[in-house]
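Numbers here simply count residues along the sequence, with the first being 1. Read the numbers this way: they start at 1 and go in the same order the structure lists the ligands and their atoms. Heavy-atom basis, side chains included; hydrogens, waters and symmetry copies ignored. These figures come from a predicted structure and were not determined experimentally.
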Amino acid sequence: MANLVYDKFRNKLVELAHIQTVLAVLDWDMSVNMPAKAAEMRGHTVSYYVGLLHEKFLAKDFVQMLVQLKKQADSGKLSEKQKAVVLETYKEYEKEKKLPAEFVQKLSQATTEAHHAWINARKKSDFKLFAPHLEKIVRLKRQQAKFWGFKQSPYDPLLDICEPNLTSEDCSIIFDELKKFLIPFLQKIKKSKVKIDPKMITGDFPRDKQEAFNNFVISKLGFDLTAGRVDVSAHPFATGFSPNDVRITTRYKQDNLLDSLTGVMHESGHGMYEQGLDAAQFGTPLGSAMWLGIHESQSRLWENLVGRSKFAWKYFYPKLQKEFPKPFGKVKLEEFYRVLNQVHPSLIRVEADEVTYNLHIIIRFEIEKELIEGTIEVADLPQIWNQKYENYLGVKVPSDALGVLQDVHWSAGLIGYFPSYTLGNLYSAQLFAAALKKIPNLAKRFEKGDFSALKKWLNTSIHRYGRLYSTERLVRQATGEPLNIGYYTSYLKAKYSEIYKLT
Ligand code: ZN
């Protein structure tokens, strides 16, 4: 039966999505192309479109339709898909409605100022220059949590924006279990007699040659370069304007090609998710990717489970050796594989390997949860941070710049964001284990350079649904069970016990 209100509502959502696309293109352009002097005017243009989007989203006739459809959804008058579209949009509306305009303005101003202060503080490696700004942001985020409401922890509603329905208590349980495995496992690896020398794969790699090889690898994996582009930016990212227009970025190091290569494998995982969305659902939540953890599971799966596997490199390595005989001609696949997967506890999150990465995230989660709950003070952060780095990773933090000031997130008001990185890793291993069961001879296929069956499986198990289901249901449907961290720990154990010859 035709539902005229729903149809009209859906058309409005598409209209809003066009404005969002304009904003996404402007944002991509800012990171990739824009000359420095353009920043101020671009800021005005972006503000104009953000305002327009906000105005249209809260326009009376749009809200009336949304409220009417919400009633229809609650009384079972909508199809499953319509219901998902309406409820997702309603949730977003409620979040916006609960925040007074004055508060939004205050938060936006505080983050702009904090960002500048953070850049300066990091440059001078002095946390005290950033502390008053972070204090202000923490106060505002607590206030935001109050506006949105919560049952147990004020951290819950902040986490909910990135991972709907996951509470900080759930998160603590998952992370504590993971920590119990990771810390002793890392100790074992540190004691291993296997020594890996990353210098054996450094060399001189012209940018255009790296670019050509990167493109070869990601097209093999399944990123469609006729529906996407790769550009250069200071911080790599992926963004999708529509399934046929997905942009990813990378950066190049002249002496080490792994940095850019593993980076594009990661971003192309995000990109393939965006390319796999249902174009017919453009503008609705069914045509949008899931929240952060699932998005990150796609990038991690391609970067790590595939991109750092021996099977994939049995195919790619001879090609790499041919393109770059110096230094790879003299390096055996086995040696290359070990360098690719070297475990090295370090200070910087974005440079971390698979084993230590999640400890960086757990530290941030523990700190920001306590900050929001008010059980620790901003002023004590450097000391708390450094202590945790010593306890978990066994490294001494020599300066604030290499410690508590390294990430941009808190200055941007992103508190509750970090856990998704680790959840992505956990989901990636669980999804990959399911794919191994569902797809015959997956490893053999990789060795022959055939990654299409895996991509197809992800298309049909994850991508094409958009936000039709909750994360929990999507994962259960694809893998047969809810999140189970055992897949990730078993994966790490098997892989790194072999590399480091652990007993
Ligand atoms: Zn990512």
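- Ring geometry for Phe418 versus Trp410: interplanar angle over 60°, hence perpendicular rather than tilted (30 to 60°).
- Nearest N, O or S atom of His270 to the Zn ion (ligand 1): atom NE2.
- Tyr155 and Glu373 form no side-chain donor-acceptor contact under 3.5 Å, judged by distance and modelled atom types alone.
- Note on Glu296: its N/O/S atom closest to the Zn ion (ligand 1) is OE1.
- Ring planes of Tyr389 and His360: perpendicular class, angle over 60° (limits at 30 and 60°).
- Among the atoms of Glu267, none of the N, O or S atoms falls under 2.8 Å from the Zn ion (ligand 1).
- In the model, His344 has no side-chain atom that pairs as donor or acceptor with a side-chain atom of Glu351 under 3.5 Å.
- Residue contact annotation: His266 places an N/O/S atom under 2.8 Å from the Zn ion (ligand 1).
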